[in-house]
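To start, the structure itself, in structure tokens.
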Amino acid sequence: MKRIIAPKGTKDIFLPEIEKWQYIEEKIRGYFPRFLYKEIRTPIFEYSELFQRGIGTETEVVQKEMYTFKDKANRDLTLRPENTASVVRAAIENDLFNRVYPLRFFYIGPMFRYDKPQKGRFRQFHQFGVEVFGDESAQVDAEVIYSSYDFLKEINIKDIQLHLNSVGCENCRPKFLRDLEAEAEKKKNDLCIDCQRKIHTNPLRIFDCKNLKCIEISNDFPKIIDYLCEECGSHFEDVKSTLSIFKVKFDINSRLVRGLDYYTKTAFEISSNQLGAQDALLGGGRYNNLVKELGGADISGMGFAAGIERIILQLDDAKSKKGKMIFIAYQSLPLMNKAIQLAKSLWDKGYRAYVDYNSKNLKKQLKKANKIGIDYTFILGEDEIVTKSISIKNMKDYEQITIKQEELDKWLKNNI
RNA sequence: GUGAGUGUAGCUCAAUGGUAGAGUGUCGGUCUGUGGAACCGAAUGUUGGGGGUUCAAAUCCCCUCACUCACCCCA
């Protein structure tokens, strides 16, 4: 019979790695509420139109990478490729803009993109991120950037760089785009085929190209920084100066362009040089028109999304601070029932205990306990039953003591 | 979507075109009230799948599938 395996680009997460997942999820839930973010959970699929309108029909994500399907009532649905559009939709639909203050949300969950898998890239992957609505200040941009940067340091991620840029707004970007397009058109024949195509569809993304020739040519192209209108320019200056208050180091990268269409003004990315080709740990920026675009009021947005798989690639082994484990061993089969009773009483009190029902002798059980990594083994033998006691063996240092059964609670309290 | 590399035991990997192996893990024993060692023994494979060349294919050729990395794109 043919073996069924997990679909391409998906994976099962279990033993040692799952501890890192639990660790990072705990940290996220512990960290972001500091800034008064509240968790939000949105559906894993949405109407396809949400992403088409939200992310932009010209984007690579929408054109090539979405898991789109029809349900039985012929609804056009898509597995979410990112979470910002959903959060905005949820906020509009539930009128959260008038009900929740401050308008700050964080999320954790799976996203789906039909990409070819490679290091740090999966078809089902996980992101966490934050969204702030209705705050147009440059200071909040800096705070969001700071929190993302500081969070990575909090969980001990090393060798990270913060790249910063401004992509302008509807007032200054068009002029820039026109000049850029004109300039690119002049050099058209020297650009790669992909970039030639982008000239008229999305010229900003020429800056994304990794082709050395294209990089060289586009270095002489107009830079958005030089085109920023007064408002965008001073906003950008304020972001930078506030970042210095937060003592965050950054570099200005005029080539930085976010892949989704909704970004305005501030754009940023944190990358790591310990990763492979997919080196962006997180990215985000300001999106002042998305809420309106999706049918809401004229409310601004600012946020970021981080790739959990990529962070985990860089995470040191999480030290699990779980409770200690107890193995209950019986000397001979007739005593197994006593072991079960003892185990039940431990479980009832919330301790982690294990009985092996399949071992005939004590030796086997100790061997198994050792393999599991047990901390203490309780031994029940004829002697212990007669004297109403329990022998407790410390599996780490070989020490063994015998205590009276009525002393057990006290021992547990002191040692587990 | 494009390209390159790799598929052999649960895991890590050997095997000039000539009997499919080792280490490790698993199970049992030496050892019936005491685990990390040692020694002895056992089980496990359609060599990813299909086709072809050959007296003979894990090995060469073709197709296909999967995984990995890179391009692309992005978190």
Side-chain angles (χ1 to χ4, degrees), chain A residues 1-11 55 59-66 81-84 108-129 148 152 192-195 197-198 202 205 208-211 214 256-260 268-272 275-284 303-314 327 329-333 335 356 358-385 391-400 402:
Chain A
M1 199 186 303
K2 201 186 159 209
R3 229 166 46 146
I4 298 175
I5 59 175
K8 195 184 188 80
T10 69
K11 65 171 178 177
I55 299 171
T59 59
E60 200 86 7
V61 170
V62 168
Q63 285 201 336
K64 301 203 286 207
E65 299 175 358
M66 296 212 300
E82 57 103 47
N83 211 173
T84 298
I108 309 174
M111 310 293 158
F112 305 85
R113 290 185 201 174
Y114 193 86
D115 252 331
K116 196 148 174 180
Q118 69 186 69
K119 187 173 178 145
R121 191 168 79 183
F122 306 90
R123 290 185 168 178
Q124 173 173 336
F125 62 104
H126 297 74
Q127 291 186 331
F128 71 90
S148 71
L152 293 179
C192 72
I193 298 191
D194 278 336
C195 285
R197 187 178 54 79
K198 289 178 197 166
N202 204 343
R205 300 238 305 283
D208 267 344
C209 189
K210 282 171 189 155
N211 184 311
C214 291
L256 175 64
V257 176
R258 309 263 72 242
L260 316 179
F268 74 104
E269 184 172 299
I270 295 179
S271 62
S272 159
L275 257 34
Q278 311 296 320
D279 64 350
L281 289 172
L282 63 87
F304 72 83
I308 297 182
E309 281 85 352
R310 291 183 188 176
I311 290 175
I312 280 178
L313 278 176
Q314 293 224 38
F327 190 104
Y330 43 91
Q331 181 207 333
S332 58
L333 275 173
L335 293 175
D356 181 61
N358 303 298
S359 294
K360 290 176 289 293
N361 56 47
L362 194 53
K363 182 187 178 66
K364 283 242 185 316
Q365 296 177 70
L366 282 162
K367 212 165 179 175
K368 189 159 273 184
N370 188 53
K371 200 167 295 170
I372 295 170
I374 293 290
D375 299 285
Y376 293 99
T377 297
F378 291 4
I379 298 171
L380 294 177
E382 311 288 355
D383 299 347
E384 284 83 358
I385 299 302
S391 292
I392 298 177
K393 190 176 190 62
N394 182 328
M395 299 301 281
K396 307 293 179 203
D397 63 13
Y398 277 80
E399 293 297 312
Q400 182 168 331
T402 299

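Convention: sequence-line order gives letters A, B, ...; per-chain numbering from 1.
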Between [N] ([atom2]) and [X] ([atom1]): distance, integer Å:
{"X": "A:Leu362", "N": "B:G35", "atom1": "CG", "atom2": "P", "value": "8 Å"}
{"X": "A:Asp397", "N": "B:U34", "atom1": "CG", "atom2": "C1'", "value": "14 Å"}
{"X": "A:Asp115", "N": "B:U2", "atom1": "CG", "atom2": "P", "value": "14 Å"}
{"X": "A:Arg113", "N": "B:C72", "atom1": "CZ", "atom2": "C1'", "value": "14 Å"}
{"X": "A:Ile392", "N": "B:U34", "atom1": "CD1", "atom2": "P", "value": "19 Å"}
{"X": "A:Ile385", "N": "B:G33", "atom1": "CD1", "atom2": "P", "value": "15 Å"}
{"X": "A:Gln127", "N": "B:A75", "atom1": "CD", "atom2": "P", "value": "7 Å"}
{"X": "A:Ile372", "N": "B:U26", "atom1": "CD1", "atom2": "P", "value": "12 Å"}

Could you identify the nucleotide paired to [N], looking across every strand shown and requiring Watson-Crick or G-U wobble geometry with both distances under 3.5 Å?
{"N": "B:C69", "answer": "B:G3"}
{"N": "B:A20", "answer": "none"}
{"N": "B:U8", "answer": "none"}
{"N": "B:C39", "answer": "B:G29"}

(message) Is it the case that the side chains of A:Gln124 and A:Thr10 hold a donor-acceptor pair, with the cut-off being a distance below 3.5 Å and no angle test?
(response) no

Quick one: the side chain of [X] and the base of [N], do they pair up donor-acceptor inside 3.5 Å?
{"X": "A:Glu384", "N": "B:G33", "result": "yes"}
{"X": "A:Gln400", "N": "B:U34", "result": "yes"}
{"X": "A:Tyr398", "N": "B:G36", "result": "yes"}
{"X": "A:Lys393", "N": "B:U34", "result": "yes"}

So what does [X] hit on the nucleic acid, given a heavy-atom distance under 4.0 Å: a base, only sugar-phosphate, or nothing?
{"X": "A:Ala369", "result": "nothing"}
{"X": "A:Gly381", "result": "base"}
{"X": "A:Leu282", "result": "sugar-phosphate"}
{"X": "A:Ile379", "result": "base"}
{"X": "A:Met395", "result": "base"}

(request) Name the closest nucleotide to the A:Lys367 side chain, picking from B:G35, B:U26, B:G33. (result) B:G35

(message) Side chain of A:Glu382 only, heavy atoms from C-beta on: which candidate in B:G35, B:C74, B:G33 is closest?
(response) B:G33

[N] to [M] separation - [atom1] atoms, rounded to the nearest Å:
{"N": "B:U46", "M": "B:G50", "atom1": "C1'", "answer": "13 Å"}
{"N": "B:G48", "M": "B:A20", "atom1": "P", "answer": "15 Å"}
{"N": "B:G21", "M": "B:U64", "atom1": "C1'", "answer": "29 Å"}
{"N": "B:C60", "M": "B:G7", "atom1": "P", "answer": "10 Å"}
{"N": "B:C27", "M": "B:A37", "atom1": "P", "answer": "13 Å"}
{"N": "B:C13", "M": "B:U47", "atom1": "C1'", "answer": "13 Å"}
{"N": "B:C67", "M": "B:C11", "atom1": "C1'", "answer": "16 Å"}
{"N": "B:A15", "M": "B:G29", "atom1": "P", "answer": "37 Å"}

(message) Test side-chain contact (heavy atoms from CB on, under 4.5 Å) on A:Lys119 and A:Gln278; report intermediate values, then the result.
(response) CA-CA 7 Å; A:Lys119 187 173 178 145; A:Gln278 311 296 320; 5.9 Å; no

(request) Evaluate whether atom NZ of A:Lys11 has more than 12 neighbouring non-hydrogen atoms of other residues, nucleotides or ligands under 6.0 angstrom away. (result)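 Yes, the 6.0 Å shell around NZ holds more than 12 heavy atoms from other groups.
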
Verify, without hydrogens or angle tests, whether [X] (side chain) and [Y] (backbone) share a donor-acceptor contact under 3.5 angstrom.
{"X": "A:Arg310", "Y": "A:Leu281", "result": "no"}
{"X": "A:Tyr330", "Y": "A:Ser359", "result": "yes"}
{"X": "A:Arg113", "Y": "A:Met66", "result": "no"}
{"X": "A:Gln400", "Y": "A:Ser391", "result": "no"}

Compare all side-chain heavy atoms of [X] with those of [Y] and state whether any distance is below 4.5 angstrom.
{"X": "A:Leu313", "Y": "A:Glu309", "result": "no"}
{"X": "A:Leu282", "Y": "A:Leu152", "result": "yes"}
{"X": "A:His126", "Y": "A:Pro110", "result": "yes"}

(request) Assign a letter to each nucleotide of nucleotides 63-71 of chain B from its 5' end: B, base within under 4.0 Å of a protein heavy atom; S, sugar-phosphate only; -, no contact. (result) ----S-SBB

(message) Reading RNA chain B from 5' onward, which residue's closest nucleotide shows up sooner: A:Ala280 or A:Lys396?
(response)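 Nearer the 5' end of the strand: A:Lys396.
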
Under 4.0 Å between a side-chain N or O of [X] and OP1 or OP2 of [N]?
{"X": "A:Lys363", "N": "B:G28", "value": "no"}
{"X": "A:Lys364", "N": "B:C31", "value": "no"}
{"X": "A:Lys64", "N": "B:C74", "value": "no"}

